[in-house]
Structure formats: C-alpha cells, structure tokens
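Every number for a ligand or one of its atoms is a count from 1 in the order of the listing.
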Amino acid sequence: MILLLFGPPGCGKGTQAVYLAERFHIPAISTGEMFRAECKAETELGKAACAILASGGLVSDEIVNGIVASRIAREDCKDGFLLDGYPRTVPQAITFCALLKERGLPLPVVIHLDVPDEALVGRLTARRQCPECKHIYNVLTQPPKVAGVCDADGAALLTREDDREDVVRRRLRAYAEQTGPILKWFGPSAVRIVDGTRSADAVAQAVERVVLEVYCEVGVS
Ligand SMILES: [Zn+2]
C-alpha cells in the first residue's frame, strides 16, 4: 500500500496522515521528518541536505529523491507507507514512479484532499495569538471565552503575520501552482479526489473508502 497525500495548507492533511498510518499500519512519512532523521543519522545525503537547508537553499531533486529512496527501503516500509510532501515536482514524481517499478512495488494511490480556497481562507485566518502568553486560539474551533481577549491574562489577541488573508492567499496560490502539474502528470484516473470540507472523521472515512476501493480493484488485500 503506497499512498501519496496531497492537499492545500489548512486542508487537514496532517490529521489524515496520522489517521491513515494507524488505520493501515504503515508509517506516515513527511519530507520534513525525513530530512531531520537523515541529518541526525549523518548519512552522506543527510549531511548534504543539512548543509543546504542551513544555508537557506532549496534541496535538489536528486538529494530529495535519494533520501526518499533510502527511507522507503527501511524495514518499517515493507508493507507500505504514506508520503506527505513528496513528490514536490514532476521530475520527482517521475523518478519516484521509476523507483517503485524497479523495486516491483505497485503504483501509488494519489489522494487529493480538495477544499475550496474560500473555506481554507476562513480556516487559516481564524487563528489568533496572545502577545503575552503566546497561546493560540481559533475563532472557529477554539475561541476565547470573551471575543478578542486572552482567557489567561486578558491581553488583546493578535493575528499573526502568517495568518493574514493576503499571506494565506499567496500560500494557496503557491500550492496550486506547485501541485497542479504533479496531479496532472499522474492523470485524472490515478488521482482520487476526496472532499475535504467535512469533519475530520467524515474525511477520514471517505479517504479510507477510496484506499480500500483502489486496493480491491487491483486485487491487493
Ligand atoms: Zn495570554
């Protein structure tokens, strides 16, 4: 079972990755986690990636592909794995699928959690932070007792720079520009679109159904 999870910022991808990993007993691997692990293990690839990240540069496709290849060769991936944040470019997708073929592994199930921009803007701009105790509230899901005021110390809550609407819209645009070509490359018949606007539980059930459907179609239990 090889799952690739895609979805825009704020779509709840992290929650779904954790759920899927537990449900199917596979590791959920994010590129961030892989880089940290490789850096710590001080492998050749890890050292190269660390040096680039530390200098603020972008890690090349070659290094990212190498790190993914070494990570999925590990024992805990023998029954499958879920990747979150990879592939990030079409060349990475091409290399990844070639690698799966080379190892005799099935093609991945590509899941795209679809949430309209307007809903994401609503979710992503809902965070407020207390400038005193740094506690983070969410006006939709975890509001303070009194609107605009910290429960603990009464300070006026602020919207962080990252959560401003123009910044959020820019992030969503960047995501669409980056991911659109990858989903197009996999093709509409390979990409399973799941409506991500519902509750986390409902989305989890829908994703699970999609995964089971795909694996039944191809005869893998
Ligand atoms: Zn506070």
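Closest N/O/S atom of D153 to the Zn ion (ligand 1): OD2.
Panel note: side chain Q129, backbone L158; no donor-acceptor pair is recorded below 3.5 Å. S55 places a side-chain N or O within donor-acceptor distance of the main-chain N or O of I52, the cut-off being under 3.5 Å.
Angle subtended at the Zn ion (ligand 1) by C133 SG and C150 SG: 110°, rounded to 10 degrees.
Checking C130 against the Zn ion (ligand 1), an N/O/S atom falls under the 2.8 Å cut-off. Because the distance cut-off is set at 2.8 Å, D151 fails to qualify as a neighbour of the Zn ion (ligand 1), as none of its N, O or S atoms comes that close.
Relative orientation of the F96 and Y86 rings is perpendicular, given thresholds of 30° and 60° on the angle between their planes.
Not less than 2.5 angstrom separates the SG atom of C133 from that of C150.
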